[in-house]
Student: 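Questions regarding the structure given below will be posed in turn.
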2 protein chains.
Amino acid sequence: MITAKNCIIRLSRYKNALYRLQTLGFVKVFSDNLADAVGVTAAVVRKDFSVFGISGNKKGGYQIEILLEKINSILGKDRLQKVIVIGAGHIGSALMRYRGFEKEGIKIAAGFDIDPAKINRYNALPILPLEEVKDFIKSQGIKIAILAVPDIAAQEVLDLVCSCGIKGILNFAPLRLISPEGCIVNNVNLEIELENLIYFVNVAEKTK
Amino acid sequence: MITAKNCIIRLSRYKNALYRLQTLGFVKVFSDNLADAVGVTAAVVRKDFSVFGISGNKKGGYQIEILLEKINSILGKDRLQKVIVIGAGHIGSALMRYRGFEKEGIKIAAGFDIDPAKINRYNALPILPLEEVKDFIKSQGIKIAILAVPDIAAQEVLDLVCSCGIKGILNFAPLRLISPEGCIVNNVNLEIELENLIYFVNVAEKTK
DNA sequence: ATCATAATGTTACTTTTTTCACAATAACAA
DNA sequence: TTGTTATTGTGAAAAAAGTAACATTATGAT
Ligand SMILES: NC(=O)c1ccc[n+]([C@@H]2O[C@H](COP(=O)([O-])OP(=O)(O)OC[C@H]3O[C@@H](n4cnc5c(N)ncnc54)[C@H](O)[C@@H]3O)[C@@H](O)[C@H]2O)c1
Ligand SMILES: NC(=O)c1ccc[n+]([C@@H]2O[C@H](COP(=O)([O-])OP(=O)(O)OC[C@H]3O[C@@H](n4cnc5c(N)ncnc54)[C@H](O)[C@@H]3O)[C@@H](O)[C@H]2O)c1
């Protein structure tokens, strides 16, 4: 099922909102509750659901539990997703120390670095030398890598991990990387995020 | 000039590509060079430029230097943009140690934390107690804050800094924050980025 | 000077995304 | 059972974003 990126992002948001509602004791939800929680309109919610064949009950809304099951299955959250982090520097180690991914069923299986000082093989979350990345990817069946290496190394590391079977990359280097057919790159570009914010703040300032 | 977020993001990308081209010795550029560099079509480039009244020369393309000047002025990069970071934990300190923002004319003026152990008042980049944030924002005229505090604290910190005059927030907490009229929130939600990547990798896997 | 060319700038078209509107219908009340 | 109501699911309309096409016009060649 090929679908727009935005639609999948909204699914993630619905899921998060549903967990919150569940925590608050709710059992069912209406499209406009979810819409409010996520910041879209009710029609968008229902349309998104219809794309994935998710249906609710006329008058009764949606059972949160069932809804979560379906969304989780679509998003692949019904099974543990293992990822690796390449580059155990500032960003890389912040990510590796972060506990929030586990709650989401995303496990950082290992980190990799070229700096021998960073290697820590016997940790719960081991940091391994980059030379071992191929074996690790193959043996663990890893599909996703987070790239947190210096800008200059990013393309070469991408080429390496793609050649080892990685199919998706979350890249923190503020560069446009070229990826082989069949490998998806999502960029987290904080410079651009800030620039964007600065622009809109300045515009609001001016038009005030 | 009110414009779509995507259009501004593209402006940032054009700018980055232009600097690269300039480094390579180029003096002028055509819309399709830029399009290739950024991964859009030439028509988009020209349209984006026309929105901002940026014009080139029939046949001659665009002078990179002039183009950069105009884009930089639109993005507010012709003057130093000062931001603050709230929360000097894993993500917060990674950001504060990052040198990449300075190259972009973005200066992290200070960090703030509630943990006394994190305070470091006499550093080049001081980390100050949260109580001082109001005075700092006012005296330095700060408009932008990066939120890197625990999820649970994010909304309350947003309320605080907005009440002190902050107009734009880059939020790392995976929550939808409510912001007062006139304050823009951009979210960096890494869980959702990963979920998204996982979805599309899995879809590609299945349809193969 | 004149012409051919190459690239812009813009208008018209297409596609995608979002919103609107309402018929269909399950739930509940009388 | 019948009627009323509330909410879904969807098709049509509107808006936004992106693409294509081409008339326009500087530039350099002849
Ligand atoms: N730190 C931030 O806040 C921040 C913000 C925005 C963007 N980024 C981007 O994130 C990336 C990482 O930044 P950082 O601050 O963590 O850098 P860093 O220098 O702290 O860490 C980079 C790590 O990568 C390792 N490394 C270098 N080459 C490698 C290779 N070929 N294979 C494996 N590991 C290698 C280094 O040994 C180091 O440990 C950079 O592209 C940077 O532009 C960082
Ligand atoms: N670390 C990551 O890789 C990562 C990844 C994704 C999202 N996030 C999000 O980023 C945020 C920060 O994560 P982290 O890992 O850096 O957390 P952290 O616990 O390492 O750091 C949080 C810092 O905020 C400070 N703090 C707490 N309450 C505060 C308050 N009211 N005012 C000012 N400072 C306060 C703490 O003292 C601490 O230094 C969280 O919302 C987290 O969900 C982090």
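This one's a predicted model, so the numbers in the text were calculated from it and none came from an experiment. Computation of the quantities below employed the complete heavy-atom set of this structure, encompassing side-chain atoms and omitting hydrogens, waters and symmetry-equivalent molecules. Sequence lines set the chain letters: A, B, ... in the order given, protein chains first and strands last, and positions in each chain run from 1.
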Student: Using a strict threshold of under 4.0 Å (side-chain N to carboxylate O), is an ion pair present between B:Glu195 and A:Arg13?
Tutor: no

Student: Tell me the interatomic distance from B:Asp48, atom CG, to C:dT10, atom C1', rounded to whole angstroms.
Tutor: 14 Å

Student: Counting the atoms with a prime plus P, OP1 and OP2 as sugar-phosphate, which does B:Ala4 contact under 4.0 Å by heavy atoms, base, sugar-phosphate, or nothing?
Tutor: sugar-phosphate

Student: Starting at NZ of B:Lys5 and ending at P of D:dG18, how long is that distance when rounded to a whole Å?
Tutor: 14 Å

Student: Tell me which one of B:Asn186, B:Asn189, B:Asn187 satisfies side chain to side chain donor-acceptor pair (under 3.5 Å) with B:Asn171.
Tutor: B:Asn187

Student: State which of D:dT19, D:dT10, C:dT8 makes the closest approach to the side chain of B:Ser31.
Tutor: C:dT8

Student: Compare side-chain N and O positions of A:Thr41 against OP1 and OP2 of C:dT19 and report whether any pair is under 4.0 Å apart.
Tutor: yes

Student: Salt bridge check, B:Lys15 against B:Glu104: does any charged N sit closer than 4.0 Å to a carboxylate O?
Tutor: yes

Student: Taking the six-membered ring for Trp, are B:Phe49 and B:Phe52 ring centroids under 6.0 Å apart?
Tutor: no

Student: Which whole-number value in Å describes the distance from B:Gln63 CD to D:dA26 P?
Tutor: 15 Å

Student: Could you check how far NZ of B:Lys28 sits from P of C:dA7, rounded to whole Å?
Tutor: 8 Å

Student: So with a 6.0 Å cut-off around CD of B:Glu65, is the heavy-atom count from everything else above 12?
Tutor: no

Student: Rounded to the Å, how far apart are A:Phe49 CZ and D:dT8 C1'?
Tutor: 12 Å

Student: Compare the minimum distances between each of D:dA20, D:dT8, D:dG18 and the side chain of B:Ala43, then state the nucleotide with the smallest one.
Tutor: D:dA20

Student: Rounded to whole Å, how long is the line connecting atom CG of B:Asn33 with atom C1' of C:dA7?
Tutor: 11 Å

Student: Heavy-atom nearest nucleotide on DNA chain C for A:Asn57 versus A:Asn6: which residue maps closer to 5'?
Tutor: A:Asn6

Student: Is A:Asn33 reaching over with its side chain to a backbone N or O of A:Phe30, donor-acceptor style, under 3.5 angstrom?
Tutor: yes

Student: Check the phosphate of D:dA26 against B:Tyr62, side-chain N and O only, distance under 4.0 Å to OP1 or OP2. Yes or no?
Tutor: no

Student: Take atom CD1 in A:Ile152; do more than 12 heavy atoms of anything else shown fall under 6.0 Å from it?
Tutor: no

Student: Taking the minimum atom-to-atom distance to the side chain of B:Lys47, which one of D:dG18, D:dA12, C:dG9 wins?
Tutor: D:dG18

Student: Has A:Arg46 got a side-chain N or O lying under 4.0 Å from the OP1 or OP2 atom of D:dT8?
Tutor: yes

Student: Show me the protein contacts with nucleotides 2-6 of chain C, counting only N or O atoms at under 3.5 Å.
Tutor:
unit_1, atom_1, unit_2, atom_2, d
C:dT5, O2, B:Lys59, NZ, 3.0

Student: Quick one: A:Ile54 CD1 to D:dT7 P, roughly how many Å, whole number?
Tutor: 20 Å

